[in-house]
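For clarity, every value in this text was computed on a predicted model and none was experimentally measured. Residues take their numbers from the sequence shown, with the count starting at 1.
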Amino acid sequence: MIAFVSGPVAALGPDTAVVEVGGIGMAVQCTPDTLSRLRVGEAARLATSLVVREDSLTLYGFADDDERQTFELLQTASGVGPRLAQAMLAVHSPDALRRAFATGDEKALTAVPGIGKKGAQKLLLELKDRLGAPTAVSAGVPRPASGGAASWREQLHAALVGLGYAAREADQAVEAVAPQAEAAGGTPQVGQLLRAALQSLNRAR
């Protein structure tokens with residue numbers, strides 16, 4: 001298992017970071033919040049989880065070990081694969097997920113694309129005692145995202161499309177959170193904007 005990768009960031013995409021490790025570029029699938037903390041050319045250390053399939057090897061990257069452990073625990077529930085587990089972490093922090101499972105919060109789980117009411121109830125039954133109790137302080141301190149309006153808009157739009165929303169819905173959600181992004185003074189957190197955008201999409205349903 002590859003527990004982490006460490007090295008300069010060679011490239012960033014809508015859902016992928018390429019980290020140079022010993023002269024090899026490792027492509028790592030990350031949430032928008034994790035990607036927003038990375039900068040091309042700067043050193044990064046990502047906790048990772050390698051998912052092996054018959055036809056692929058996919059490396060998922062996380063800001064810290066807590067996120068990685070939560071990602072792996074989520075997949076112990078039937079019907080939860082790596083993409084859904086990553087989508088859950090794109091919408092909620094590990095501590096928010098622990099709180100949702102501890103309190104039986106169906107609404108928090110149905111905010112994740114791909115999880116309906118019945119699916120949320122099933123997950124609550126399966127994972128209630130596996131994630132542990134919420135902590136007082138969430139691990140990790142986000143760094144401000146770089147760039148101006150174009151960068152956060154592109155990242156957010158790509159993240160929403162990647163989660164399964166149509167381009168038109170993604171456009172509407174980006175516009176809905178634009179005031180919140182502008183209020184951040186030019187340094188919006190893409191992860192926070194993604195959560196707000198998902199809430200606006202759920203209200204529109």
Separation between CG of L59 and SG of C30, rounded to the nearest 0.5 Å: 8.5 Å
Side-chain donor or acceptor of Q180 paired with backbone N/O of V177 under 3.5 Å: no
CD on E106 to NZ on K118, rounded to 0.5 Å: 12.0 Å
Residue pair I115 / L84, side-chain heavy-atom distance below 4.5 Å: yes
Closest approach of R68 to S49 (non-hydrogen atoms, all atoms of both residues): CG-CB, 4.1 Å
D105/R99 under side chain to side chain contact (heavy atoms under 4.5 Å, CB included): CA gap, chis, key distance, verdict: CA-CA 8 Å; D105 188 352; R99 193 173 302 109; over 6 Å; no
Stepwise side chain to side chain contact (heavy atoms under 4.5 Å, CB included) test for M26 and I2: CA-CA 11 Å; M26 306 285 284; I2 302 173; 4.0 Å; yes
pair L12-L35: side-chain heavy atoms closer than 4.5 Å: yes
Validation row: V51, Q29 side chains within 4.5 angstrom (heavy atoms): no
Ring-face cation of R45 near F4 (centre distance under 6.0 Å, axis angle within 45°): yes
Minimum heavy-atom distance P32-L194, with the two atoms named: CG-CD2, 3.8 Å
Minimum heavy-atom distance K122-S78, with the two atoms named: NZ-OG, 2.5 Å
Any side-chain heavy-atom pair of T58 and R53 under 4.5 Å: no
L125-V80 co-clustered via ILVMFWY side chain contacts under 4.5 Å: no
Rounded distance (nearest 0.5 Å) linking atom CZ of R98 with atom OG1 of T70: 5.0 Å
Atom pair CZ (F71) and CG (D66), whose distance is rounded to the nearest 0.5 Å: 14.0 Å
E126 and F101, any side-chain heavy atoms less than 4.5 Å apart: no
Approximate separation, where rounding is to 0.5 Å, of L193 CG and D33 CG: 10.0 Å
Minimal non-hydrogen separation, A102 against K128, with atom names: O-CE, 4.3 Å
L38 to A44 - nearest heavy-atom pair and separation: CD2-CB, 3.8 Å
Linked, directly or transitively: V5 and V18 (ILVMFWY side chains, under 4.5 Å): no
Side chains of V9 and R39 in contact at under 4.5 Å (non-hydrogen atoms): no
Any side-chain heavy-atom pair of T76 and L127 under 4.5 Å: yes
OG1-CG distance between T110 and L123, expressed to the nearest 0.5 angstrom: 11.0 Å
Heavy-atom side-chain proximity of L74 to L97 below 4.5 angstrom: yes
Over all atoms of both residues, closest heavy-atom pair of S6 and V19: C-CG1, 4.1 Å
